[in-house]
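This report concerns only the one structure given below.
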Amino acid sequence: MPFLDPSTIARLGALPIKARVIVEGALSGHHRAKLHGSSVEFAEHKEYSPGDEIRHIDWKAYAKVDRYYVKQFEQESQLAVYLVLDASGSMEFAGGGLRKLDYAGLSLAALAYLVIQQQDKVGLEVFGDPAVEARVPPRGRPKHLHDVLAVIDQVMTGGGRGDDSATAALERIAELSRRKRSLIVLASDLFDADDQTLAVVRRLRAQKHDVSVLHVLDPHERDFPYEGLTVFEALESEHRLLANPAAIRTQYLERMNGFLGKVRSELADGGVDYHLVTTDRPLEQTLLGVLTARTQLGPRATP
Amino acid sequence: MSFLAPLLLLGALGVAVPIVIHLIGRQRAKVVRFAAIDFLFATRRKTSRRLRLRERLLLVVRTLVALAIPLALAKPFTSCARPGPKLERGPQAAVLVVDDSFASGYRRDGRTVLQRAIEEAGLLLHQLGPEAEVAVVRASEGADNPGELTRDHLRVRDRLHGLEPTSRPPDLTRALARAAQLLSGSNHKRRTVFLLSALAKAGFRPGERPWGDDGPALAVIDLADKQPLPNRAVTRARVEPDPGAGSRGIAVTAEIANFAREPAQGVDVALRIAGRIVARGKLDLAPGQRTDKRFLATLPAGARAADAVIELDGDALAADDRRWLRAQLRDEIRVLLVDGDPRTVRHDDELFYLEAALRPGDRSDTGTVLTKATVDDLVGSEPAAAAAGAPATPGARGVDLDSFDVIVLANVRAMAAARVAALERWVKAGGGLLVGVGSNVDAASYERTMLPLMPQSLRDPIDIAYGAPREEMASRAVHLTKWEADHPIFAPFAKDAPGLDQASFSKIMLLGPTTQVADRKVLARFTNGAAALVEASSGDGRLMLWTSTLDRDWNDLSIHPGYLPLVQGAVRHLARRQNRTRADEVLVGHSAPLATLDLRKLEVRDPGGGGEVFDDKRLEGRTSVRYGATERPGIYRVVGTDRTGVTRDRDELDFAVNLDPRGSDLTRIEDAALPKSGSGEGHGQGQGQQRVELWHAVAAGLLLLLLLESILIQR
């Protein structure tokens, strides 16, 4: 089944609808069972012995083998999922399609939808501009989804500003989830990420948190397809640059690839789930990629 | 700085075009808000600066290009002072007299005087402008010159650039006269002769003016800048056989001149024969001095003739540092022995000893061809007999005196006056006559008719031993003593050569009073003081008198060792006609005489490979022809075809052609002696203004700017 174009999804109505469309599109005909029994998981069969609850007897098994077996379940506590959204100025860039901020926001909204559907707790941290930093603590109520999506919607509408890194937001999450293992999903272009940011990410992972990084880039940032004399204006500062793109393309791409390679290797070394996506990639596919990676990491890791 | 077309400078307004384009180009740059700008900044800060610099450089270059185009089209020029005539452009007539004599090959400051003359002439042409009628007149002697003025300056420039130093001396007076003649046919009022020369005094004919008072104006461009042009040259050279240096010996005498104000020390002079240097020498020359340098050498074995070159070490004018010669060995001496006392007994014959001494061993390589005759055989030599075309006496054989170089009269009776006159003419024409006395010689008879053939008149002989007892006869005899040791005849003998002074003379002939014959000289005397050998000149010839016999009748010299070298030396010395150089030195531009030698065809080949052929029609009935195309110095070869059709090199006719030494003296003429300008209107001497065109430089700069712009665009 073909995925919807991210721009098409962006034109849909309210954010909850968009999130649902993404989730439904991603999950249609694909590992649908994962939506069920996430918090009460079947573990094994055990021969019935007096004292076991009658309601747990597996009558189908009795019919097959003529013995009483009791299904044993592993009761899992509610998972806390922290969504971290980069709303800095650089996320405002759109080479021709979606803004990176839109793409990241939609991806996280879909994840929030999915998490709430699974009755887990979801929270939101927005960083970039100190003036617009928003924070939603993790909750598992269905109503809470609207709070999360409202904040995401508000940030997307307001646009990206500032140049704060994710360090402070991630450290705050680490503080909040110190006692409980959590899933942290960071959606950012990482342009503001210094070594400290990557170190904090690795530290979170070392604290047994599951960390996924959704590295969002625009296709123009990957390919640098510009021609002719061009004035480049920075999104997070007042810098301007007049340049002939053809003359600097090779050097730019070398540096960009070097940057991506460094991020990938550092996060991989830290056991961080890393997804490099561009804004022309279908959102469903991106969501599926994240889900697939979580599945491969283990049942507990699946949101 | 001025401009020929200043209106075109309005085009400089176009300088606004690149500036506007630059500004528009800046505005038209796309603006992109870019997130990953740090990646750009990190890499392109340098690039950005370079780009900005490139943009600014491009702006500057394009602005300069926009300025340079109208500037070049406006033809800017400037003026600067230069020595030389004041010039004005416009309609006028001018003749450029360019000195292309061989001295114009003088190298100064790395180029020849002629090269500078051509450059100056080109500048003059440019400054006179295209409306000027001009002509170029060459100032070398005998040069072909144009018949009219022309406005075709391209042709004039071609003629100028085709000029090369000739081998002729300068003849500036004639060239100036030719220039004035050309200008006289022009309708222009302004007529000028430009003389481009180093102004050597030798180039002007003393006392001769090139034009009258109404002649053209003269503007002189001194290519020597009034500086002396020191020069050394071989100005003359001659070669002659030198028996003293052996049978192949030659003596080469070269005159070396120093035409400079400073002395020349240690000037190297070398003689080259057949391509090899065979002798060297050094000379010290005072300022203006000419001196002779003599070399003795031998020709290569087997060659009777060879090319010889006198060479000086190089100076600024190389053309006159060499002089060519054609060295030839002496031909055989043709001697006529006139026997005044022939005998049938051989050893009694008057010529027995003489003949044996001149052809020892009867060998053919002695260099002497002997012909014996009697007095009667000389009958045909009288004018009357020659006019009649036959000997006066029937049966007499007759001899052609002109076929001999030397005649020996041995004890010959006095001859008739007519016969003596014939002999006298022959002597005056260069012949050599040796008279030996004897019993047939009567002093009185000789006094009457033979005086023209005698260096000195004779008196009666004295018999020194007359009446002496037999044992005293030997002691009374006289001997040879006091001979001229420096004379060529006695050169082989020492001061006390026993081969001469031991010979005894019992009878000798005394001499009369001194005659008026020129150059009379007693070469040897006897112990009693009487003259033994007397020599004198007669015209181009030479007379010699031996006061005793040539055989043993009056002396025993002929059986002494000194007899042979003495008579051989005497004969060689007398053979002056044969010794004379075959032809005088031939100078470039002068014709050379060539003997036809009864050949059917003669071909002369000059050193440059050209030449001329004299065929049968041109040679028929002539004993000599003249070859006139001697435009190069060097050796001219002659190839002849005889009547039998055999063609071979005629070495004996080869000849050398050399530069006229007048052109080597580069002493500058005094300013006062220069020809004066005529009354005609024209350019005179003074401080001229030279217009220096600048548009060439601007155009070159423009090209460079365009090149730079294209490089900047590529980067």
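Computed over heavy atoms, backbone and side chain alike; hydrogens, waters and symmetry mates excluded. Below, chains carry the letters A, B, ... as their sequence lines are ordered, and counting in each starts from 1. Because the structure is predicted, anything quoted here is derived from the model rather than measured.
Around CZ of Arg155(B), the count of heavy atoms belonging to other residues, nucleotides or ligands within 6.0 Å does not exceed 12. Under a cut-off of 6.0 angstrom, the local environment of CD in Glu171(A) is crowded, with over 12 non-hydrogen atoms contributed by other residues, nucleotides or ligands.
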Given the rule in the ring pair (Phe, Tyr, Trp, His ring centres under 6.0 Å) test, do Phe224(A) and Phe39(B) qualify, once you have shown the distances and angles that lead to the verdict?
CA-CA 11 Å; Phe224(A) 203 65; Phe39(B) 295 97; over 10 Å; no
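For Ala35(B) against Glu221(A), the heavy-atom pair with the smallest separation is CB-OE2, 3.0 Å. Smallest separation of non-hydrogen atoms from Phe232(A) and Ile37(B): O-CD1, 3.5 Å.
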